[in-house]
Amino acid sequence: MTAVAETNDEATARSARLRHLIVTIYGLYARSDGGWLSVAALIRLLGDLQVEEPAARSAISRLKRRGILQSQRYGGSAGYQLSAQALDILREGDARIFRRQRAALADGWLLAVFSVPEAERHRRHVLRSELARLGFGMVAPGVWITPAHPQDTTAETLRRLELDAYADLFHADHLAFGDPAVKIRDWWDLAELARQYESFNRAHQPVLRRWQRGGPAAAGRRGGPAAAGREAFVDYTRVLTDWRRFPYLDPGLPAELLPDGWIGIGAAQEFFDLRALLEEPAREYVRTVISG
């Protein structure tokens, strides 16, 4: 029984990761063209990521059922485009995922205070889940907290989900009683977060070292410029897919409150170094796939 459960968990994780890879591809490369990609181009790009066509088509169908992708033909070619809802979610995510600067203590805190009638307790669950997804920590059952980044999109997100009627947002400072550096360990699970950062580093530090040692040149020697571009696309898509969740799990907590040598700061530098190396050659490669 245990082995079967573990196998099912692994299959679920693989399926979810494949859907995340597809969303990453659309987020990076389809939005400039209205959020549309042909089926042929998408299947080829997923093939570069070692995804077999039946699995790719199954994941695309699931994203369609969830309202993320919509069928659309252009110029006689079958394809899928991002839904308006998905475009909004990706737009909100950009501000977090590509934000380099952590919050500072001087920025203060954003408090979400909410109360949901018992008759609508399902909305309470949705609201709590969404605040957790946005990186809030729970101070008390109806009081949640996150650093007050200037680019924060919490209000827009709650409004889009029609949850704004249940919550109030406040910009606040910690004035007295207790050490915030101690309290954040109650509000966020820093030990678990550090473990996940370690997993990210294990997966992507070797990739960064390879590219810093001349990965493009080596790939070019093996198969020409197209091989270098393909390798950049594969590595960038994977690292961004893995990175996307961290700015939500770790909402840029002020460095002054974090343990010395906080692993998340180094992991962020690793991601942005890879982005600087891979973004443009990956984009050029995808452009040739889409146009070809």
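- Among residue pairs with one or both ends in residues 53-80, those qualifying as salt bridge (charged side-chain N to carboxylate O under 4.0 Å, His left out) are Glu53-Arg57; sequence neighbours excluded.
- Heavy-atom contacts from other residues, nucleotides or ligands closer than 6.0 Å to CD of Glu52 number 12 or fewer.
- Using a 4.5 Å heavy-atom threshold, the side chains of Arg213 and Arg209 count as touching.
- Within 6.0 Å of the CZ atom in Arg121, the count of heavy atoms belonging to other residues, nucleotides or ligands does not exceed 12.
- Ile145 has its side chain within reach of Trp188: a pair of non-hydrogen atoms, C-beta onward, lies under 4.5 Å apart.
- Judged purely by atom type and a 3.5 angstrom limit, Trp36 uses its side chain to pair as donor or acceptor with the backbone of Gln72.
- Panel note: side chain Arg96, backbone Pro251; no donor-acceptor pair is recorded below 3.5 Å.
- Comment: Glu198 does not engage Arg195 in a salt bridge, judged by the lack of any side-chain N to carboxylate O separation of less than 4.0 angstrom.
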- Task: Please assess Phe200 against Val239 for the test side chain to side chain contact (heavy atoms under 4.5 Å, CB included), listing each intermediate value before the final yes or no.
- Result: CA-CA 8 Å; Phe200 177 87; Val239 71; 3.7 Å; yes

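- Residues Trp211 and Glu231 form a side-chain contact, since some pair of their non-hydrogen atoms from C-beta on lies under 4.5 Å apart.
- A donor atom on one side chain and an acceptor atom on the other are not found under 3.5 Å apart for Thr237 and Thr24.
- Sequence neighbours left out, the pairs with a member in residues 241-258 that pass salt bridge (charged side-chain N to carboxylate O under 4.0 Å, His left out) are Arg17-Asp242, Arg102-Asp250.
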- Message: Assess the residue pair Leu63 and Tyr26 against the criterion (side chain to side chain contact (heavy atoms under 4.5 Å, CB included)); give the C-alpha distance rounded to whole Å, side-chain angles, the decisive distance to 0.1 Å, and a yes or no.
- Response: CA-CA 12 Å; Leu63 287 170; Tyr26 269 90; over 6 Å; no

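- Other residues, nucleotides and ligands contribute only 12 or fewer heavy atoms inside 6.0 Å of the NE2 atom of His125.
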- Where do Leu258 and Ile184 land on the side chain to side chain contact (heavy atoms under 4.5 Å, CB included) test, with the steps shown first? CA-CA 9 Å; Leu258 293 167; Ile184 66 167; 4.2 Å; yes

- Show the numbers, then the answer: is there a side chain to side chain contact (heavy atoms under 4.5 Å, CB included) between Arg123 and Leu127? CA-CA 6 Å; Arg123 303 290 281 174; Leu127 182 51; over 6 Å; no

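- Salt bridge annotation for Glu279-Arg283: present, with a cationic side-chain nitrogen under 4.0 angstrom from a carboxylate oxygen.
- Ile43 CD1 to Ile60 CD1: the interatomic distance, rounded to the nearest 0.5 Å, is 4.5 Å.
- Ile89 and Tyr29 are assigned to two separate hydrophobic clusters, defined by single-linkage of ILVMFWY side chains at heavy-atom distances under 4.5 Å.
- Salt-bridge check for Asp94 with Arg91: failed, with every basic side-chain N at 4.0 Å or more from each acidic carboxylate O.
- One hydrophobic cluster, built from ILVMFWY side chains closer than 4.5 Å, holds both Leu46 and Phe233.
- At least one side-chain heavy atom of Leu134 sits less than 4.5 Å from a side-chain heavy atom of Tyr248.
- Residues Val286 and Leu45 form a side-chain contact, since some pair of their non-hydrogen atoms from C-beta on lies under 4.5 Å apart.
- Within the 3.5 Å criterion, the main-chain N or O of Glu270 finds no donor-acceptor partner in the side chain of Asp273.
- Ring pair Tyr197/Trp243 is tilted by interplanar angle, where 30° to 60° counts as tilted.
- You'll find the side chain of Pro180 stays beyond 4.5 Å of the side chain of Trp187, heavy atoms only.
- Among residues at least two apart or in separate chains, salt bridge (charged side-chain N to carboxylate O under 4.0 Å, His left out) pairs with a member in residues 155-164 are Glu92-Arg160.
- Judged by distance alone, the side chain of His174 and the main-chain N or O of Asp179 form no donor-acceptor pair under 3.5 Å.
- Two different hydrophobic clusters hold Tyr74 and Leu37 under the rule that ILVMFWY side chains link at heavy-atom gaps under 4.5 Å.
- Between Phe136 and Glu130 there is no side-chain heavy-atom pair separated by less than 4.5 Å.
- In this structure, Arg275 and Tyr236 have side chains that are in contact, with non-hydrogen atoms separated by less than 4.5 Å.
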